[in-house]
Number of protein chains: 2
Amino acid sequence: MSKTNPAFMSGVPELLVLRLLTRDEMYGYELVKAIRNTTLESITLAEGVVYPVLHNLEAKGMLRSREVEANGRSRVYYKTTAKGKRRLKELLKEWDRVSGGINAALGDTYA
Amino acid sequence: MSKTNPAFMSGVPELLVLRLLTRDEMYGYELVKAIRNTTLESITLAEGVVYPVLHNLEAKGMLRSREVEANGRSRVYYKTTAKGKRRLKELLKEWDRVSGGINAALGDTYA
DNA sequence: TATATTACCTCGTAGTTATAGGTATAGGCT
DNA sequence: AGCCTATACCTATAACTACGAGGTAATATA
């Protein structure tokens, strides 16, 4: 119902950003589209969500950035650091635990 | 990291409560244990989480309650209403969409 | 000339989960 | 009697964070 606190989205931006930036170095605008693509259009994170996450993760040492000039525009490329990869591993474990638990509860028709 | 807003938990209390109370009528204390059990100990929601959700959902007409005396203690049994079932259906759809999207993004190793 | 796309960004809000606390009865153990 | 555990209900506060709306500026397209 609410737009600001949608169901099942907590932790998702952080997870997806870390995951995709572990695979490839990308800049924010590119990342926004990559999220839409890799989630098969199921999840769209607007720029207003992605950029703050990028800044926050970089501040925490999870991401490293470098500026690159392209077409007269400047792009900021990000990549996951070793620390970020550890955090990703942690989040993946959490995701398995929570989604596993939910699916178990949804699955058993008998109590 | 954070204790108050842990990853992947948004919407989960509401989903599990509606799901379990659609299956069986239950009282709060019982529900807390049922959540732990049906999620295979993967998810534990404390009473401080469950009771407010029950009150909130009842206020919204998603649950109906009745008080029952048992062993000198009073129990408040809850059950999902028709409106609650519609909300549950909605949440299940959301869960499929979001978890499907995440798993797709995690799954493909190549972009 | 106007619009769409690329590319970056910030601010404010909303809403909900979690923790920590609180009350009270019943039953078991020493 | 005294203590602890389990049962059973409850509230208030804080912290977090995803979202929407907005803003800048360059390039490409119509």
Side-chain angles (χ1 to χ4, degrees), chain A residues 1-18 26-36 39 43-60 62-63 65-78 91 94 98 101-102, chain B residues 1-18 25-36 39 43-60 62-63 65-78 87 91 94 98 101-102:
Chain A
M1 223 118 224
S2 68
K3 272 91 199 282
T4 51
N5 283 42
F8 315 125
M9 287 304 290
S10 66
V12 171
E14 189 186 354
L15 173 68
L16 293 179
V17 166
L18 283 174
M26 276 191 256
Y27 56 97
Y29 195 79
E30 188 185 7
L31 186 55
V32 168
K33 295 182 171 179
I35 288 169
R36 202 163 33 218
T39 62
I43 298 173
T44 297
L45 298 182
E47 294 169 49
V49 172
V50 172
Y51 284 111
V53 170
L54 287 172
H55 302 157
N56 182 260
L57 287 176
E58 185 178 23
K60 286 181 184 158
M62 311 275 188
L63 299 178
S65 75
R66 66 190 179 96
E67 220 173 321
V68 175
E69 298 299 322
N71 298 18
R73 289 190 197 82
S74 98
R75 292 171 175 169
V76 186
Y77 281 84
Y78 293 88
L91 281 173
E94 272 298 284
V98 173
I102 291 173
Chain B
M1 222 118 225
S2 69
K3 273 90 200 280
T4 52
N5 283 42
F8 315 125
M9 286 305 289
S10 65
V12 172
E14 189 186 355
L15 173 68
L16 293 179
V17 166
L18 284 174
E25 191 183 42
M26 275 191 257
Y27 55 98
Y29 195 78
E30 188 185 7
L31 186 55
V32 167
K33 295 182 170 180
I35 288 170
R36 201 162 35 216
T39 63
I43 297 173
T44 298
L45 299 182
E47 294 170 47
V49 172
V50 172
Y51 285 112
V53 170
L54 287 172
H55 302 156
N56 181 260
L57 287 175
E58 186 177 24
K60 286 179 184 159
M62 311 275 188
L63 299 178
S65 76
R66 66 190 180 95
E67 219 173 322
V68 175
E69 297 299 321
N71 297 19
R73 288 190 198 83
S74 98
R75 291 172 176 168
V76 186
Y77 281 83
Y78 293 88
R87 173 65 177 150
L91 281 173
E94 273 297 284
V98 173
I102 291 173

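Each chain gets a letter, A, B and so on, in the order the sequences are listed, and its residues count up from 1.
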Requested in this report: Looking at every strand, decide which applies to B:V76 at a 4.0 Å heavy-atom threshold: base, sugar-phosphate, or nothing.
Outcome: sugar-phosphate

Report summary line: Judged by nearest nucleotide, the residue sitting upstream toward the 5' end of DNA chain C, A:S74 or A:G48, is A:S74

Report task. Looking only at side-chain atoms of B:Y78, point me to the closest of C:dA26, D:dC10, C:dC8. Result -> D:dC10

Requested in this report: Would you please confirm or rule out a distance under 4.0 Å between OP1 or OP2 of D:dT11 and any side-chain N or O of B:H55?
Outcome: yes

Query raised in the report: OP1 or OP2 of C:dC8 sitting under 4.0 Å from any side-chain N/O of A:Y29?
Result: no

Query raised in the report: Taking only N and O in the side chain of B:K33, is any of them less than 4.0 Å away from OP1 or OP2 of D:dT7?
Result: yes

Report task. For B:R73, report the nucleic acid contact type (base, sugar-phosphate, nothing); a contact means any heavy atom under 4.0 Å. Result -> base

Report summary line: Comparing B:N71 with A:V12, nearest DNA chain D nucleotide closer to 5' gives the residue B:N71

Query raised in the report: D:dC10, C:dT16, C:dT10: which one has an atom nearest the side-chain heavy atoms of A:P52?
Result: C:dT10

Query raised in the report: Between B:Y51 and D:dC9, does any side-chain N or O lie under 4.0 Å from OP1 or OP2?
Result: yes

Requested in this report: Measure from the side chain of B:R75, starting at C-beta and using heavy atoms only, and say which of D:dT7, C:dT6, C:dT16 lies closest.
Outcome: D:dT7

**Report entry** Side-chain donor or acceptor of A:S10 paired with backbone N/O of B:F8 under 3.5 Å
**Finding:** yes

Report task. Report yes if a side-chain nitrogen or oxygen of A:Y27 is closer than 4.0 Å to either non-bridging phosphate oxygen (OP1 or OP2) of C:dA7; otherwise report no. Result -> yes

Report task. Assign B:N56 to base, sugar-phosphate, or nothing according to its heavy-atom contacts below 4.0 angstrom with the strands shown. Result -> nothing

Report task. Using a 4.0 Å heavy-atom cut-off across all strands, classify A:E47 as base, sugar-phosphate, or nothing. Result -> base

